[in-house]
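Written out below as structure tokens is the structure these notes cover.
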Protein chains: 2
Amino acid sequence: MSENRYCYKYPHPSVTADCVIFGFDGVSIKVLLIQRGIEPFKGMWAFPGGFMQIDETVEECARRELEEETGLKNASVEQFYTFSDVNRDPRERVITVAHYALVRLSEVKGGDDAASAQWFAESEIPSLAFDHDRILRMARNCLKERICFEPIGFELLPEVFTMSELQNLYEAILEVKFDRRNFYNKMLKLGILTEAEPRAEQASRRTPTKYRFNAAKYAELKQKGFRLEF
Amino acid sequence: MSENRYCYKYPHPSVTADCVIFGFDGVSIKVLLIQRGIEPFKGMWAFPGGFMQIDETVEECARRELEEETGLKNASVEQFYTFSDVNRDPRERVITVAHYALVRLSEVKGGDDAASAQWFAESEIPSLAFDHDRILRMARNCLKERICFEPIGFELLPEVFTMSELQNLYEAILEVKFDRRNFYNKMLKLGILTEAEPRAEQASRRTPTKYRFNAAKYAELKQKGFRLEF
DNA sequence: ATATCATTGCGTTAATTTTACGCAAAGGTA
DNA sequence: TACCTTTGCGTAAAATTAACGCAATGATAT
């Protein structure tokens, strides 16, 4: 049963892919975690992830494990760093290629078919298994940097959203506050937002305009090489 | 001799670390390559790199291989992406963690103790072994992005340099041209340059001012979170 | 020698962008 | 009914960027 059939002249490490999944509930950034059912670190929380198979890339592995453990299909995961400290796994030598993805909260129902996937607000995240605390810090930083180059925020919001919601998201990710009117102007001038509904004729000022992301305009802008400055 | 003594229940990939080494000769960006002495891809050029040992991190591996193959000691390598295509190595499953480093040309004498390390100007780089063409493209992009956040260019220049040399470097990395006077003003205003020599009293206009990088000032700036805009 | 040319240091001005607010309509809340 | 908050739409000042002028001084060519 436990024959060790794969033999090499030199020792080989195991390779895993882990996924830091970010969400946004309108107020704060959330992270999807899995409670470990087995040792090591049994009972502790960790990112979804697992061992890479010999016939898949690390990205494929990340997506597969993500679906197996949280039910999330086709998330667009992106690798950001490979962690290879010699003792990061007490069992054996394991290096992990860490990924992150942005998903809408609605796409994952916490505690789904997955044993115990659960969303945590950033301030409520417990101490994590392995070196996942460190991985989280780096992922969070990547998120911050990335949003200045790409409008990744739109993957975190519903299809249709208000300017305030968008601003809240940017403020949560970047941990700053913007002047509402300047944020409004800057986003509109970028031209990557489209008004969602033709807007009620009798537009009451209190009912905010709904927007959706204009991917075509964004692609256009991106070619010219732009940058979302904040 | 070739006993395969290391056995596992599941197949494990090999892990390598590769190093894209950038230099600058005052005019153009250069890349340090090694000519492969063995199959596969024997005779083709590739980045220095090699198999990770079981008791070292990938960064340690990168530095070790770099020194073994080019004589470069203590380069500060930084990983930027992990390539894991299933067939990227014809021998067996190998994933590689790609790194890059910036060094002064003077630190490496091409064709040193290293079998055949050689600097190539970007325009003269031949088709490379494995997926190293792709790796180079990504490394080059990283370089471009990085220089907007950190004054990495100073690692490529001699200790003491002129403003023109600095500008040439930025122009080479970013592939753009700047107005000399605006570049001059912007760099000086940043405050991360210090005049190297007290400057000749009888300062002839034709003899350019020499500068050196002011690491202390830079560290100060960095804390406040700044960005080198170009 | 002499004329020509490129490099360097130091400015200035106009255009653009960023920042800081003003204000009124309209709905929600006490 | 009296506030208070949210939204949409501006505007003026401040700061930054971009474009370019100019003279001194060596270097180079004739």
Side-chain angles (χ1 to χ4, degrees), chain A residues 25-27 147-149 151 157-158 160-172 174-212 214 221 224-230, chain B residues 25-27 147-149 151 157-158 160-172 174-212 214 221 224-230:
Chain A
D25 66 359
V27 177
I147 207 176
C148 290
F149 290 89
L157 289 172
V160 161
F161 50 86
T162 69
M163 193 63 84
S164 294
E165 288 170 331
L166 185 60
Q167 179 173 354
N168 285 342
L169 173 60
Y170 270 80
E171 291 181 339
L174 293 169
E175 298 177 288
V176 292
K177 288 287 178 191
F178 299 112
D179 177 88
R180 177 183 63 84
R181 293 149 297 187
N182 290 340
F183 183 87
Y184 180 103
N185 289 333
K186 184 175 260 173
M187 282 315 265
L188 285 188
K189 198 173 46 167
L190 272 176
I192 56 178
L193 296 184
T194 309
E195 289 196 9
E197 293 139 52
R199 133 193 265 177
E201 346 86 59
Q202 195 50 30
S204 95
R205 293 237 173 149
R206 205 45 210 281
T207 319
T209 311
K210 302 273 194 177
Y211 297 94
R212 64 178 76 233
N214 184 335
L221 257 188
K224 298 186 201 154
F226 83 117
R227 184 184 286 165
L228 280 161
E229 289 287 357
F230 286 103
Chain B
D25 67 0
V27 178
I147 206 175
C148 290
F149 290 88
L157 290 172
V160 162
F161 50 86
T162 70
M163 193 63 83
S164 294
E165 289 171 330
L166 185 59
Q167 180 175 354
N168 286 341
L169 174 59
Y170 270 79
E171 292 181 340
L174 293 170
E175 298 176 289
V176 292
K177 289 287 178 191
F178 299 112
D179 177 88
R180 178 183 61 82
R181 294 149 294 186
N182 290 339
F183 183 87
Y184 181 101
N185 289 332
K186 183 175 260 174
M187 281 316 268
L188 285 188
K189 198 173 48 166
L190 273 177
I192 57 179
L193 296 183
T194 309
E195 289 195 9
E197 293 137 53
R199 132 194 267 177
E201 347 83 62
Q202 195 52 29
S204 93
R205 293 237 173 148
R206 208 41 212 283
T207 319
T209 311
K210 301 274 194 175
Y211 297 94
R212 64 178 75 233
N214 184 335
L221 257 188
K224 298 187 202 154
F226 83 118
R227 184 183 286 166
L228 279 161
E229 290 288 356
F230 285 103

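- The shortest heavy-atom contact between B/Gln167 and B/Asp179 is NE2-C, 4.1 Å.
- Nearest nucleotide to the side chain of B/Pro208, out of D/dT7, C/dC23, C/dG9: C/dG9.
- Separation of atoms CZ (B/Arg181) and CE (B/Met163) is listed at 14.0 Å; rounding is to 0.5 Å.
- Computed from coordinates, the B/Phe183 CZ to D/dT16 P distance equals 18 Å when rounded to whole Å.
- Put simply, CG on A/Asp179 is 13 Å from P on D/dT7, counting in whole angstrom units.
- Checked by atom type and distance alone, the side chain of A/Glu195 never pairs as donor or acceptor with a backbone atom of A/Thr209 at under 3.5 Å.
- Taking atom CG of A/Leu166 as the reference point, atom P of D/dT7 lies 13 Å away to the nearest angstrom.
- Separating the NZ atom of A/Lys186 from the P atom of C/dT16 is a distance of 18 Å, rounded to the nearest angstrom.
- Between B/Tyr184 and C/dC10, a side-chain N or O to OP1/OP2 separation shorter than 4.0 Å is present.
- Taking atom CZ of residue B/Arg181 and atom P of nucleotide C/dT13, one finds them 15 Å apart after rounding to whole Å.
- Counting to the nearest Å, the C1' atom of C/dT8 and the CE atom of B/Met187 are 17 Å from each other.
- Of the candidate nucleotides D/dG21, C/dT8, C/dC23, C/dC23 has the atom nearest to the side chain of A/Arg180.
- Comparing C/dC21, C/dG11, C/dT8 by their closest approach to the side chain of B/Ser164 singles out C/dT8.
- Of the candidates D/dG8, C/dG9, C/dT18, C/dT18 carries the atom nearest the A/Lys189 side chain, counting heavy atoms from C-beta on.
- For the pair A/Phe178 CZ and C/dA20 P, the computed distance is 12 Å after rounding to whole Å.
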Practice task
Walk me through it: do A/Tyr211 and A/Leu188 pass the test side-chain contact (heavy atoms from CB on, under 4.5 Å)?
Solution key: CA-CA 10 Å; A/Tyr211 297 94; A/Leu188 285 188; 3.9 Å; yes
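- Comparing D/dG10, D/dA19, C/dT18 against the side chain of B/Asn182 picks out D/dA19 as the nearest.
- Spacing between atom CG of A/Leu188 and atom C1' of D/dG10 amounts to 13 Å, rounded to whole angstrom units.
- Proximity of a side-chain donor or acceptor of B/Glu171 to a complementary backbone N or O of B/Phe178 within less than 3.5 Å is detected.
- Mapping B/Thr162 and B/Asn185 onto DNA chain C by nearest heavy atom places B/Thr162 closer to the 5' end of the strand.
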